[in-house]
Amino acid sequence: MKVLFHPLFRVPARAFAALLGIVALTASLAACGESANRNEKPVVLTTFTVLADIARQVAGEHLTVESITKVGAEIHGYEPTPGDVRRASTADLILDNGMNLEAWFAQFVEDVDVEHVVVSEGVTPMSITEDSYQGKPNPHAWMSALNVKVYVDNMIRAFSDLDPEHAADFRAAGAAYQAELQKIHDELVATLAKLPPNERALVTCEGAFSYLARDAGLTEKYIWAVNAEQQATPQQITSAIDFVRANRVPAVFCESTVSDAPMQRVVEASGARFGGVLYVDSLSEADGPVPTYLDLIRHDAKTISAALTGARS
């Protein structure tokens, strides 16, 4: 399956050419080495840790699921390595989020003869409304638990095609996981339903929470639309300060993979509390606060709810 992207981010041409050259020289040796070391299970490769965890819940013990990026990686500006290319060339299935998120990976995965599935297929995209990315789809669809139910459906189909013998197990695991996702959504909506209108606002560093804000009935405001090399202009910070003041927003937030310094300036100027760190692009280590996707979405929902309602943990 060929999937075309219109990238928001690109690997430099010389670096990309070097990667392809390395792949051309080492592909056959890499394939032999991988097959010798790999167990009998088909290998599913995902582009980042959040997708990997969701996929593991559906795959169960029948598939080996791996992530290209490591815990804590900032997904937007990731620069792939020759090892990433090698792993892609020897996987049995590659899962992407799509929506322009992994353009850094799409540049060479197009030339890899491996089945390639976009797990956000079927999700209704929300558009980015500001900056140079205006009009492009917001790629952070997994920040809606309801959208991830669609991701799971796509994974069930892809895994069943890859390993038909265990299709019934994939369907059962997926259904159980979808029930957990629905429960998290319902709890978030119920908790925030009693907030007064001015407090029903989610102010973050990046515009990564459009889908969560929509689900929860919150007005979204962010400092920058998409993580980029140049972040937090004075105009962006001033706009966030003005919004918080005008709406008397009680708390603001920032993501784990970026500096919260710009948001701390909003806190100082507006009098709002810093509500806490939210997770989006990456899980934590196993002993951290969000080792799984369900932990991530629960953590974010709890952090947002507690800060906006004034609850104390």
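Quick note: residue numbers are just sequence positions, from 1. Just so we're clear, the structure is a prediction, and the values are computed from it rather than from any experiment.
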Item checked: Stepwise side chain to side chain donor-acceptor pair (under 3.5 Å) test for Asp96 and Thr47 -> CA-CA 6 Å; Asp96 293 81; Thr47 47; 4.7 Å; no
Check: Stepwise, does the side-chain contact (heavy atoms from CB on, under 4.5 Å) test hold for Ser160 with Ile156?
Finding: CA-CA 6 Å; Ser160 296; Ile156 291 171; 4.1 Å; yes
Check: Hey, mind stepping through Arg200 and Glu220 against salt bridge (Lys or Arg N to Asp or Glu O under 4.0 Å) and telling me if it holds?
Finding: CA-CA 9 Å; Arg200 298 183 65 79; Glu220 181 188 31; over 6 Å; no
Check: Would Thr292 and Ile54 satisfy side-chain contact (heavy atoms from CB on, under 4.5 Å), going step by step from the backbone distance to the final call?
Finding: CA-CA 8 Å; Thr292 72; Ile54 297 168; over 6 Å; no
Next item on the list: List the steps, then state whether side-chain contact (heavy atoms from CB on, under 4.5 Å) holds for Leu296 with Met143.
Entry: CA-CA 9 Å; Leu296 180 153; Met143 291 310 297; 4.0 Å; yes
Item checked: Leu192/Leu218 under side-chain contact (heavy atoms from CB on, under 4.5 Å): CA gap, chis, key distance, verdict -> CA-CA 9 Å; Leu192 297 176; Leu218 300 174; 3.9 Å; yes
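For the atom pair Tyr211 OH and Thr124 OG1, the distance stands at 9.0 Å (nearest 0.5 Å). Remark: Arg214 CZ to Thr219 OG1 distance equals 14.5 Å, nearest 0.5 Å. Here OH of Tyr78 is found 13.0 Å from CG of Leu101. Values are rounded to the nearest 0.5 Å. For the atom pair Met263 CE and Thr204 OG1, the distance stands at 6.0 Å (nearest 0.5 Å). Interatomic distance, CD1 of Ile184 versus CD1 of Ile297, reported as 7.0 Å (0.5 Å rounding). To the nearest 0.5 Å, atoms CG (Asp215) and CG (Asp186) are separated by 10.5 Å.
Transitive grouping of hydrophobic side chains (ILVMFWY, heavy atoms separated by less than 4.5 Å) keeps Phe243 and Tyr222 in distinct clusters.
Looking only at atom types and distance, the side chain of Tyr279 has no donor-acceptor partner in the side chain of Thr303 under 3.5 Å away. Judged by distance alone, the side chains of Ser210 and Asn138 do bring a donor and an acceptor atom under 3.5 Å apart. Side-chain N/O atoms of Tyr151 and Asn97 include a donor and acceptor closer than 3.5 Å. Asp163 and His166 share a donor-acceptor pair across their side chains, judged by distance under 3.5 Å alone.
Sorted by first then second residue, the side chain to side chain donor-acceptor pair (under 3.5 Å) pairs that include residues 261-272, not counting sequence neighbours, are Asp260-Gln264. A side chain to side chain donor-acceptor pair (under 3.5 Å) check over residues 237-248, counting only residues at least two apart or in different chains, returns the pairs Lys221-Ser239.
Side-chain contact between Cys254 and Leu278 is absent, with no heavy-atom pair separated by less than 4.5 Å. A heavy-atom distance below 4.5 Å is found between the side chains of Leu202 and Phe253. Between Leu181 and Leu146 there is no side-chain heavy-atom pair separated by less than 4.5 Å. Phe159 places a side-chain heavy atom less than 4.5 Å from the side chain of Val44. Counting heavy atoms from C-beta on, the side chains of Thr90 and Val43 never come closer than 4.5 Å. No side-chain heavy atom of Ile223 sits less than 4.5 Å from a side-chain heavy atom of Glu206. Side-chain atoms of Leu93 and Val117, non-hydrogen and from C-beta on, do get closer than 4.5 Å to each other. Using a 4.5 Å heavy-atom cutoff, the side chains of Thr46 and Ile68 are not in contact.
Of the possible donor and acceptor atoms, none in the side chain of Ser120 sits under 3.5 Å from a partner among the backbone N and O of Val123. Judged purely by atom type and a 3.5 angstrom limit, Glu180 has no side-chain atom pairing as donor or acceptor with the backbone of Ala176. No donor-acceptor distance shorter than 3.5 angstrom exists from the side chain of Asp295 to the backbone of Val290, with no hydrogens or angles considered. For the pair Ser144 (side chain) and Ala141 (backbone), a donor-acceptor distance under 3.5 Å is absent. Judged by distance alone, with hydrogens and angles left aside, the side-chain atoms of Thr81 form a donor-acceptor pair with the main-chain N or O of Asp84 at under 3.5 Å. For the pair Gln178 (side chain) and Lys149 (backbone), a donor-acceptor distance under 3.5 Å is present. Using modelled atom types, no side-chain atom of Ser127 and backbone atom of Thr129 make a donor-acceptor pair closer than 3.5 Å. A distance-only check finds no donor-acceptor pair linking the side chain of His62 to the backbone of Phe170 [under 3.5 Å]. Looking only at distances, no side-chain donor or acceptor of Tyr177 sits under 3.5 Å from a matching main-chain atom of Ala55.
For the pair Glu121 and Arg157, the salt-bridge criterion is not met [side-chain N within less than 4.0 Å of a carboxylate O].
For the pair Ser282 and Lys70, the tightest heavy-atom approach, listed with the atom from each and the gap, is OG-O, 4.1 Å. Across every non-hydrogen atom of Glu66 and Arg56, the tightest pair is CA-NH2, 4.2 Å. The shortest non-hydrogen separation linking Val280 to Glu255 is CG2-CG, 3.7 Å. Across all non-hydrogen atoms, the minimal contact from Ile241 to Ala269 is CD1-CB, 3.5 Å. Pro291 approaches Leu283 most closely through the heavy-atom pair O-CD1, 3.4 Å. Considering all non-hydrogen atoms of both residues, Thr49 and Val71 come closest at CG2-N, 3.8 Å.
When each of Leu63, Thr64, Leu162 is checked for a side chain to side chain contact (heavy atoms under 4.5 Å, CB included) with Asp92, only Leu162 meets the rule.
The ring of His140 has its center no closer than 6.0 angstrom to the ring center of Phe209.
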